[in-house]
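The structure appears below as structure tokens.
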Amino acid sequence: MSTGQTSDGFRAELREWLKANCPVEMRDSGMSEDAICWGGRNWKFTSTAQEQWLNRCAEKGYTVPTWPKEYGGAGLTREQEKIFKQEMERIGARSPLESFGIWMLGPALLHFGSHDQKLEYLPPIARGEVRWCQGYSEPGAGSDLANVQTRGEDKGDHWLVNGQKIWTSYADKADQIFALVRTDREAPKHKGISFLLIEMAEGGVETRPIKMISGISPFCETFFTDVKVPKHRIVGEENRGWDVAKYLLTHEREMISGGGAGLSGGGRALGAVLNETLDTMGDTLRADAMRCEIDALAIGLTLERYKDQAEAGQGAGDASAMLKYMGTELNKRRHELMMTAGGSDALEWDGPVGNRAGDWLRTKANSIEGGTSEVMLSIISRRVLGLPA
Amino acid sequence: MSTGQTSDGFRAELREWLKANCPVEMRDSGMSEDAICWGGRNWKFTSTAQEQWLNRCAEKGYTVPTWPKEYGGAGLTREQEKIFKQEMERIGARSPLESFGIWMLGPALLHFGSHDQKLEYLPPIARGEVRWCQGYSEPGAGSDLANVQTRGEDKGDHWLVNGQKIWTSYADKADQIFALVRTDREAPKHKGISFLLIEMAEGGVETRPIKMISGISPFCETFFTDVKVPKHRIVGEENRGWDVAKYLLTHEREMISGGGAGLSGGGRALGAVLNETLDTMGDTLRADAMRCEIDALAIGLTLERYKDQAEAGQGAGDASAMLKYMGTELNKRRHELMMTAGGSDALEWDGPVGNRAGDWLRTKANSIEGGTSEVMLSIISRRVLGLPA
Amino acid sequence: MSKLVLTEEETMLADMARGFLDGAAPLGKLRKMRDDGQRGDPALWKQMAEMGWAGVLVPEDAGGSDMGFTAANVIAQEMGKTLAVSPFISTAVMAATALRQVSDARAKQALARIASGEVTYALAVDEGVKHDPDATQMAARSDGNGFRLSGKKTFVVDGALADRLLVLARTADGLTLFDIPADRSGITRTASNMIDDRDAARIDFDDVEATGEDVLGQVDHAMDVLRPALQAGQAALAAEMTGLAAGAFGMTVGYLKERKQFGTEIGRFQALQHRAAHLWSETEVTASAILNAGRVLDETPGDATLAVSLAKARATATATLAVQEGVQMHGGIGMTDAYDMGFYMKRARVAAEWLGDYSYHAERVAALRGF
Amino acid sequence: MSKLVLTEEETMLADMARGFLDGAAPLGKLRKMRDDGQRGDPALWKQMAEMGWAGVLVPEDAGGSDMGFTAANVIAQEMGKTLAVSPFISTAVMAATALRQVSDARAKQALARIASGEVTYALAVDEGVKHDPDATQMAARSDGNGFRLSGKKTFVVDGALADRLLVLARTADGLTLFDIPADRSGITRTASNMIDDRDAARIDFDDVEATGEDVLGQVDHAMDVLRPALQAGQAALAAEMTGLAAGAFGMTVGYLKERKQFGTEIGRFQALQHRAAHLWSETEVTASAILNAGRVLDETPGDATLAVSLAKARATATATLAVQEGVQMHGGIGMTDAYDMGFYMKRARVAAEWLGDYSYHAERVAALRGF
């Protein structure tokens with residue numbers, strides 16, 4: 001649907017570089033958990049190729065292609081980024097590095113961090129040296145994210161942090177956590193929260209994995225007991241952490257919604273899967289698949305449109321709730337269809353069609369994490385449509 | 001799906017009677033507005049056959065087969081009623097008479113009326129001599145049916161009624177109206193309403209048809225200006241009319257829900273229509289039609305089940321809201337499909353496929369009249385599931 | 001490809017169109033037309049032509065404004081909001097696109113007459129109840145240097161009032177498209193009583209004479225000319241439906257804010273809020289498909305099938321949901337003829353069928369996506 | 001037909017079953033079984049057999065309780081609510097129904113051993129990823145007076161632990177059903193690691209010997225015996241799924257009443273109320289289809305396809321919706337293994353596929369309804 005007629009020079013150069021630098025083993029579009037390189041201090045590369053690929057990309061700034069060069073990125077324009085993605089996809093190249101540092105903390109620091117903070121934290125993220133996790137939710141708070149009970153007591157040069165976080169993805173494997181902490185207990189709910197950066201190896205931090213229905217444990221509970229956090233490890237102003245959190249949530253929404261858009265690797269899966277089962281596919285499955293494909297394409301275009309708008313200076317704002325809602329609901333539909341298409345083969349853990357069941361169950365969390373679909377609809381209803389609360 | 005092995009004697013006798021008495025012209029299952037006999041003082045029979053058919057049925061009590069014989073019915077058991085319907089359907093016999101008197105006022109009178117009232121009002125309904133209409137809704141009240149503003153002032157031997165009703169179906173053709181009137185303005189909303197029977201020819205009653213989007217005007221606005229209603233023309237006790245209304249609403253719900261059940265004449269239409277267009281029917285239409293058919297059959301069975309339960313002494317109560325909700329939503333779906341199946345032929349008023357568009361538009365009111373789908377869901381949520389208000 | 005954001009010019013065009021239509025063709029206009037027994041509004045079309053809309057796809061050297069498909073969609077979308085009636089899609093979008101595929105003097109002249117608003121067109125393509133050009137049965141029998149056309153066309157939108165017809169017929173080795181005056185001898189037009197109160201006709205062709213000059217494009221190769229025209233029409237119709245959905249949605253949200261029940265605005269009820277939010281989300285997603293279809297038609301028209309079918313399928317689903325929710329959320333009043341919601345519902349139904357229904361376009365998407 | 005209301009006996013049976021299962025096989029039982037690495041619970045099955053459930057469809061003269069299909073559905077429905085694990089559907093419903101179609105002494109003896117709980121069965125029918133008995137490729141080659149079976153069966157539910165197998169194979173002029181011990185030479189069973197933590201296997205048949213005595217019913221006429229068995233199984237599975245939906249729904253409504261967010265019970269939020277009410281409505285409608293399927297199987301078994309496929313299709317759709325809404329309304333906790341909702345979701349998925357998915361049964365309904 002797109003021709004990409006611009007920046008031919010960049011494309012040619014990039015193609016050449018990929019040809020020379022992307023190891024063959026990294027060219028299989030592997031999207032399984034095993035294939036992902038998460039990085040971090042304790043990372044064990046699954047192969048030499050994986051390590052090579054990370055280092056070569058990091059050197060060019062290609063782990064975070066749109067970040068400024070001084071912070072470890074490649075400084076690509078949005079147009080170049082598109083080309084970058086197309087060329088990576090063309091050869092089926094794996095992502096060199098994935099992390100919450102790239103997806104979430106990085107964008108927040110780029111927006112709210114001081115120059116020193118950017119220099120300190122961003123390059124290690126870009127090189128995959130430090131792995132971050134997220135500390136937002138708390139037990140019992142659910143969708144009411146601002147209901148932060150974890151408290152940080154002001155001790156002059158540091159905060160003394162006590163409390164508990166939940167749904168801290170991969171906290172058991174992370175080096176650092178960015179967390180919402182209540183630093184003013186008198187202020188209104190949204191006004192007394194600070195956004196702190198906490199070292200996981202610090203005394204007093206404990207994590208415990210939560211086993212999910214998909215059989216895996218990507219999420220943890222994380223406990224803080226008298227953890228000392230130096231005053232300079234704060235993003236944004238004291239007690240203004242909710243601003244950072246909101247920014248990040250919007251960002252997270254857009255990221256999660258992309259999962260269902262069907263224009264990246266995952267999107268082709270449906271068509272491919274359906275082709276395998278064309279003979280046995282009933283009309284209802286085929287009809288559902290057509291609808292799903294149509295919606296996936298249109299949602300993918302909507303992601304494009306919102307990015308183009310953002311570039312034109314029209315931020316999505318609360319409308320990003322729509323992307324999150326539509327993208328995650330679509331992704332759930334798609335995985336339901338893939339399960340149906342897989343039939344009995346898909347009913348085994350790690351059966352003939354791989355971990356399709358695990359992936360399917362994982363998608364059920366898409367419309368819960370990062371704000372439930374219900375919260376998204378309420379945001380749209382009140383803030384976009386202006387319906388009375 | 002049903003064999004009907006009981007009461008062979010009744011079946012044989014009925015079959016004989018139908019053979020001898022149902023005019024050939026009345027054997028085409030005509031469900032169009034023109035084919036219906038509504039009766040009433042001003043009724044003009046559309047044919048001699050229609051008149052004969054009504055009179056012959058009325059004589060046997062077959063216009064209201066389950067009503068007691070003394071009130072004009074045939075006193076059939078539920079089992080016999082099933083057989084009656086099957087045999088009527090078998091020869092494609094038209095209903096001899098339809099009316100709000102049969103559907104609504106009759107059941108209310110049978111339940112709440114005095115013996116004298118039953119003797120006075122029911123036989124003329126059964127014989128099609130008096131046509132009734134319903135006066136519930138008022139402008140601006142919408143779903144809040146108990147918000148009755150039409151008032152009846154106590155003048156000793158009569159009430160002096162003033163006010164306005166809306167959605168009074170066929171009020172312009174009716175002889176009488178049963179209406180909710182506020183007879184105590186001090187009492188709480190639900191406690192000051194009486195259920196009155198009002199003569200339309202009485203001075204002070206005026207009606208004005210409301211044109212609907214389907215192009216027809218089955219509904220009216222009805223205005224009361226100083227209308228005198230004698231004290232004996234009340235059903236149930238004074239100020240207890242809401243009890244009667246609730247009973248009727250439940251009854252109406254079940255009736256409306258039946259329209260979508262797909263086990264009667266209307267139900268076969270979908271299959272027949274689809275067969276006409278099998279060649280040009282895409283997968284999405286076929287898949288939707290299969291789902292619709294499955295739901296129609298199951299909802300039809302649910303109507304049966306609730307009737308069987310009622311007979312076994314287990315009233316549906318608030319669960320009837322479910323029948324109304326599911327039945328009407330189904331009916332809307334079915335008519336959407338029939339429009340799609342009809343393609344461009346269905347886009348003309350009275351085109352090659354008759355008034356299919358008008359019927360389709362008419363179904364949109366199903367989920368509004370007699371309590372909206374939203375009201376039904378709230379009733380289920382609170383009264384059946386016990387969720388907090 | 002250009003960005004999926006309206007350019008400044010396109011935004012200005014939309015604003016202008018909205019301003020014009022709010023004045024010249026507001027929602028009530030269709031009702032008045034219907035009540036007056038009219039199926040079209042030639043005076044309004046003249047005004048539109050003066051604004052350059054009739055020539056939106058006509059080259060400048062033929063007197064057009066040549067603004068492109070995205071611009072045409074922008075105009076159609078605004079028309080959808082107020083249910084403005086005009087032969088815009090048949091004439092300015094489809095006939096003009098067909099004529100542009102041919103580069104002779106006749107075609108240029110025809111384009112000039114479209115741009116000026118002098119001549120209107122209708123496409124006589126379908127014969128059954130569903131859009132299906134390939135199923136064309138109507139015969140164009142060779143007769144000397146010319147042809148004889150015999151057969152029946154149905155659902156010819158704008159066909160009762162159009163000055164000229166583009167007629168698809170079967171010739172010796174394929175399909176051929178004819179551009180003939182609608183009053184040619186042997187043609188009988190029967191206006192259909194459409195539920196959207198607009199012009200459509202059933203047309204009988206009884207041994208109608210056509211010369212070689214009447215052929216648009218090449219004999220036996222109608223689709224070279226017709227396919228781009230149909231795709232442009234499908235995209236514009238999808239845009240119209242998206243505008244329609246937005247119009248119906250706006251009316252509904254307004255009602256939710258204002259209407260009180262059980263002592264409070266019904267827009268406070270969360271179930272309605274969530275449904276409204278869902279519907280808005282659907283309209284946003286569909287808007288992207290519309291914009292994309294315009295861009296693809298403008299930039300890589302040879303490769304537009306996926307983009308166009310995606311747009312028409314999404315627009316059909318979205319408009320259908322918008323009018324269904326619109327009627328339901330309005331309650332009884334939404335069912336009355338006195339209220340405008342019903343006009344949205346009836347037009348959405350006709351537009352859903354015209355130029356291919358959801359199934360038709362879904363099949364094309366599926367085929368192109370490999371299943 | 002008998003009424004669509006449970007009789008007093010049937011209601012008592014349901015109450016008894018519920019009482020028994022709440023004690024002997026509550027929700028936590030499946031979790032414990034899984035954590036212990038077990039795929040079945042023979043002790044529980046013994047208890048069920050003692051209660052007469054293993055013989056629910058076995059004639060009294062073979063030691064059964066012969067309660068009929070509606071009763072079997074009642075039991076299965078209660079099993080669904082607590083996710084009780086047993087070979088009930090494979091053995092007591094399907095194998096027993098198949099054996100009942102045959103009136104010889106061997107079949108009677110086999111039925112007696114089912115009723116006593118002594119022997120369990122699994123049906124080895126499908127070979128591809130979708131239920132499709134007609135597509136059977138496995139060969140039963142004639143060999144003297146007997147047969148040699150070679151091929152692969154997949155998704156043999158209860159197949160790793162079953163004592164005996166009913167195997168569908170292709171013979172000279174049709175399909176033939178064999179009743180053979182699961183440990184016969186040449187049979188290799190590989191337990192599948194199923195997401196519902198229950199027993200299913202892939203089974204290889206490598207030149208497995210079968211005698212004429214092993215044939216159940218007539219050679220080349222397997223479906224005479226198998227069709228009633230499959231239909232009984234489909235109905236019972238639909239009943240189980242309906243119980244499962246009710247269990248998941250009950251858990252969800254309980255959560256809505258109890259869980260607080262933003263300072264109030266989430267069950268006060270109207271959007272959730274309406275979704276819960278809709279889901280309840282769907283379960284009510286499905287319950288009717290289940291009851292009907294039982295009645296039809298009991299009274300006019302030869303004519304049960306429509307009733308059974310209707311039940312399985314509805315149950316599949318309803319259970320799927322119930323677990324989806326259940327997980328979503330529970331939020332994060334519903335996604336954790338520590339909470340029981342996930343077990344409902346995973347079982348619903350396996351049950352959706354077993355013995356024909358929604359499409360399969362929808363096609364049968366459509367065929368019988370004439371389109």
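Each chain gets a letter, A, B and so on, in the order its sequence line appears, and its residues count up from 1.
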key: Heavy-atom pairs under 4.5 Å with chain A, option from R275(C), E265(C), H361(C), E284(C) with the top count   = E284(C)

request  = Of all the heavy-atom pairs spanning V285(C) and M322(A), show the shortest one and how long it is.
outcome  = CG2-SD, 4.1 Å

From I294(A) atom CD1 to R364(C) atom CZ, the distance as rounded to the nearest 0.5 Å = 12.0 Å

task = Tell me, please, which residues at least two apart from Y339(C) pass ring-ring contact (aromatic ring centres under 6.0 Å, His included).
result = H330(C)

remark   = Within residues 235-242 of chain C, contacts to chain A at heavy-atom distances under 4.5 Å involve none

ask   = Heavy-atom distance under 4.5 Å to chain C: side chain of A319(A), backbone, both or neither?
value = both

note = Correct closest heavy-atom pair for V5(C) and Q314(A) would be CG1-NE2, 3.7 Å

remark   = Residues R286(A) and A366(C): closest non-hydrogen pair is NH2-CB, 4.0 Å

query = Who pairs with P301(C) by side-chain contact (heavy atoms from CB on, under 4.5 Å), at least two apart in sequence or on another chain?
reply = none

key: Region of V365(C) that comes under 4.5 Å of a non-hydrogen atom in chain A   = side chain

Distance, nearest 0.5 Å, that separates CG of L6(C) from CZ of R305(A) = 8.5 Å

key: Contact origin within E363(C) toward chain A - heavy atom pairs under 4.5 Å   = both

query = Just by distance, with hydrogens left out, do S381(A) and H274(C) show a side-chain donor and acceptor under 3.5 Å apart?
reply = no

ask   = Does any non-hydrogen side-chain atom of K3(C) lie less than 4.5 Å from one of R78(A)?
value = no

key: Heavy-atom proximity to chain A below 4.5 Å, by part of L272(C)   = neither

ask   = chain C heavy atoms under 4.5 Å from R291(A): which part of the residue, side chain, backbone, both or neither?
value = both

query = Can you tell me how far the OG atom of S281(C) sits from the CD1 atom of I299(A), to the nearest 0.5 Å?
reply = 9.5 Å

ask   = Nearest heavy-atom pair of D295(A) and R314(C): which atoms, and what distance?
value = OD1-NH1, 2.8 Å

key: Whether Q273(C) side chain and P388(A) backbone form a donor-acceptor pair below 3.5 Å   = yes

query = By side-chain hydrogen bond (donor to acceptor under 3.5 Å, both in side chains), which residues pair with W360(A), not counting sequence neighbours?
reply = E336(A)

ask   = Are more than 12 heavy atoms from other residues, nucleotides or ligands located less than 6.0 Å from atom NZ of K189(A)?
value = yes

note = Honestly, the part of E329(A) sitting under 4.5 Å from a heavy atom of chain C is neither

note = Closest heavy-atom pair, S288(C) versus T302(A), reported as atoms and distance to 0.1 Å, is OG-OG1, 2.7 Å

message = Give me the atom names and distance for the closest heavy-atom approach of A362(C) to M290(A).
response = O-SD, 3.5 Å

ask   = Hey, mind stepping through K257(C) and L385(A) against side chain to side chain contact (heavy atoms under 4.5 Å, CB included) and telling me if it holds?
value = CA-CA 10 Å; K257(C) 288 179 184 172; L385(A) 306 183; 5.7 Å; no

Rounded distance (nearest 0.5 Å) linking atom CG of L310(C) with atom CG of L301(A) = 6.0 Å

ask   = Between atom CD of E311(A) and atom CG of L4(C), what is the distance when rounded to the nearest 0.5 Å?
value = 11.5 Å

task = Starting at CE of M326(A), measure out to CD of E282(C) and round the result to the nearest 0.5 Å.
result = 3.5 Å

